[in-house]
Amino acid sequence: MNDSDVPTAEQRLLGGQLGHAAYLAQARADGLLPDHARWQAWAWQLPALAGLLCVIAGLIMLFASNWLLWPRLLQVGGAQAVWLLAVTCWWRWREQAAGRWAAFAAAALTGVWLAVIGQAYQTGADAWQLFAVWTLLALPWALWARLEALWMLWLALASVSLLLFSDATLRWRWFSHTSALWPLHLLWLVAGWWVTFRRPATGWFAYVVVLAASLVIAWPAWAALLDFSWRANELQHWLLLPAPLPVLVWLLVNGVLIARFARAGSLFWLACPAYSFWIGLLLLIGRHIDGEGGLMLLALFAVGSFAGIGVGLRRAAQLRSGGEA
Amino acid sequence: MSTISMKQGLPLAVRGLQGVGAWICAILLMVAIAVGPVMMSGEHSVLVLAPLFAAGGYWLAARNDDGFLADLGVPLCMAGLGLLPLVLEQLGVRQHDWWDSLDYVYAGPSLLVWWFARNRQLQFVAALVLAMIGWYWLGGREPWYGYDSAGLVYAGVLRDTLVVVLLAWWWLLPPSWGERLAALRWALGLVALGMTLGGIDSFLRPEGSGAGAVGGTLLQVLQFGMPPALALLGVMAYGIRREQLPLRWLAPWLAVLPLVLMSPLFLYPLLFLWLAMLVPGRHRLLNGLGGAGAVYAFSRFYYLLDWPLLLKGVVLLGAGSVLLLLAWVLRRGSQA
């Protein structure tokens, strides 16, 4: 961890060996600062995006504040009119980047008019039903736009609807060896597979998806490793993975990722399963320790194995940089 | 030959995971020492173990020739320093309950570690502790403010203004403090963003304010919201001037000013978005923090209870419409 992540020129600037003007001139020559054209684009693109978010948020708040006073038809009509406006903008700009963001607005506003219908007409629908229908209606937009932000929204909606459904139907316990929902596992396994294998990318979206997928798969496995009784799943429900399966899925998925990305690919795809195994191992050992001496051994083992993972990751990074050179 | 070369360490996302792992190790070690040797051999054993781990871990972390030992040293040093309150209790220093004054206990050691440590991870952890203590001290909760003084009310406002100025200074016109400054500015930025978005300390706002809102009359809004907003505007103006851009490009950002006046939730995300454009080579991470922070700020803004929902909605609609209009005008101007 003594490798510096500060660029050489910046090191010289911070060390007083390079003046600020010279540093900026070098940064411009190396393309590390935006040029005039990039500034010009940013000057209107970011305010446009911010404006869109402000308008969507403002509309949501207006509806939330006023809807009790409005006639039901006006409530629903108003919500759907705003949604239609977003759809119209999408149609008008569908060949441009703005069209993708209009699709995001349309997908987000779908939830607004669904909620308004539910509230205005007291349909008696459960919260999970709102999110489930919203998820289904947002899917075509996500497939068309292929916008990472929209896919992030869609994954969040799908996950929330699954969690709410499990909570409503089986009183789902979030930290228990019975917490593994196979639809949630499947959703995030597919999303994780897509960003790591099918369409390899290393942007923010890929990192968030892989991290979320790692947690979804690891959480029930960790809970199962901590379960002192190892009892079979007493809640026989079609949503749940039977007791040993979450651990097996966790072992299999992380094992495949480590084997696949040991020498190539993003280092984050290797680090996530490595640390997931590490935590699981600590929980398993911790479950069997006895007394204060065992706790100290666990702590020292944790420190040693943590350092070992660091060495492994550094060597994997050197393999990658050696391959690129 | 480019002078912008970098000796690459692990990617930032991986180092983030490594940081979490280091904290897990340090906490395990602290608990193990508190529960184990302290209970078995007597509480005085902490007088040996804490300095041993702190000094030994610091020395190991400073080694440049073996990554394993350096990685081992970081959580050891953190655990050793983390046990300082127990050490002070055993030494009988001032018969004080040091667990109630952790800021005083950790301020000095974290300052020393941040300044002298050669291990980047240890330096960042120390900087993070320093930033959190500084954020707390500037928040006006310490006795030297006087609990009834007017300074208590303005402390949060002045803190936000000072932090914006400090971050802008350290990122845009950094002093020659060496690479340790890089750790400190990241730490302060993350603490400011996290604490503000989390609404952790909303106690320094006018009566009835909560979750970081600037409630009250228009005069109070200007009193409490203007200083940090002006500081942010100063950063934008500096950026425009430095890059020799037309002043009219600032116009859309002025439309966001009412939001910044109403709540500091938007202050740091906007600052990060501007720094992303002005700091060489930091575009992606600062943009990510600013963008994610701005999106989260909207959701927190919804739950602010000090402004009526109707007023918040109207202000957002107004600001959003002006932003879209100005963006359209600028776009047309750029295409002309």
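The sequence lines fix the lettering, A, B, ..., with proteins before strands; numbering per chain opens at 1.
- Here the closest non-hydrogen pair linking A:A57 and B:L316 is CB-CD1, 3.9 Å.
- Residue A:R315: no heavy atom, backbone or side chain, is found under 4.5 Å from chain B.
- Of the two parts of B:R180, neither the backbone nor the side chain holds a non-hydrogen atom closer than 4.5 Å to a non-hydrogen atom of chain A.
- Not a single ring pair (Phe, Tyr, Trp, His ring centres under 6.0 Å) links A:Y275 to another residue, sequence neighbours left out.
- If you measure heavy-atom distances from B:V31 to chain A, the contacts under 4.5 Å come from both the backbone and the side chain.
- Taking the six-membered ring wherever Trp is involved, the centroid distance between the rings of A:W42 and B:W274 falls below 6.0 Å.
- Taking all atoms of both residues into account, the shortest heavy-atom contact from B:G320 to A:C54 is CA-CB, 3.5 Å.
- Taking B:W177 as the reference, B:W169, B:W170 meet the ring pair (Phe, Tyr, Trp, His ring centres under 6.0 Å) condition, with sequence neighbours excluded.
- Smallest separation of non-hydrogen atoms from A:L267 and B:P11: CD2-CD, 3.5 Å.
- Ranked by non-hydrogen atom pairs under 4.5 Å with chain B, the options A:L46, A:L211, A:L52 are led by A:L46.
- Residue contact with chain A, scored on non-hydrogen atoms closer than 4.5 Å, involves the side chain of B:W253 exclusively.
- Only the side chain of B:L259 comes within contact range of chain A, with at least one heavy atom under 4.5 Å from a heavy atom of that chain.
- Between B:E243 and A:R38 there is no salt bridge, since no side-chain N of the basic residue sits under 4.0 Å from a carboxylate O of the acidic one.
- Using a 4.5 Å cut-off between heavy atoms, B:I24 touches chain A through its side chain atoms alone.
- Scanning both residues, B:A32 and A:A299, for their nearest heavy atoms gives CB-CB, 3.8 Å.
- Ion pairing of B:R185 with A:E10 is present here, as a side-chain N (NZ or NE/NH1/NH2) and a carboxylate O approach within less than 4.0 Å.
- B:P252 approaches A:A43 most closely through the heavy-atom pair CG-O, 4.1 Å.
- Using a 4.5 Å cut-off between heavy atoms, B:A22 contacts chain A through both its backbone and its side chain.
- Of the listed residues A:L13, A:L270, A:L24, A:I309, the one with more heavy-atom pairs under 4.5 angstrom with chain B than any other is A:L24.
- Between B:L29 and A:L300 the shortest heavy-atom distance is CD1-CD2, 4.1 Å.
- With A:H36 contributing its side chain and B:Q244 its backbone, the two residues share no donor-acceptor pair below 3.5 Å.
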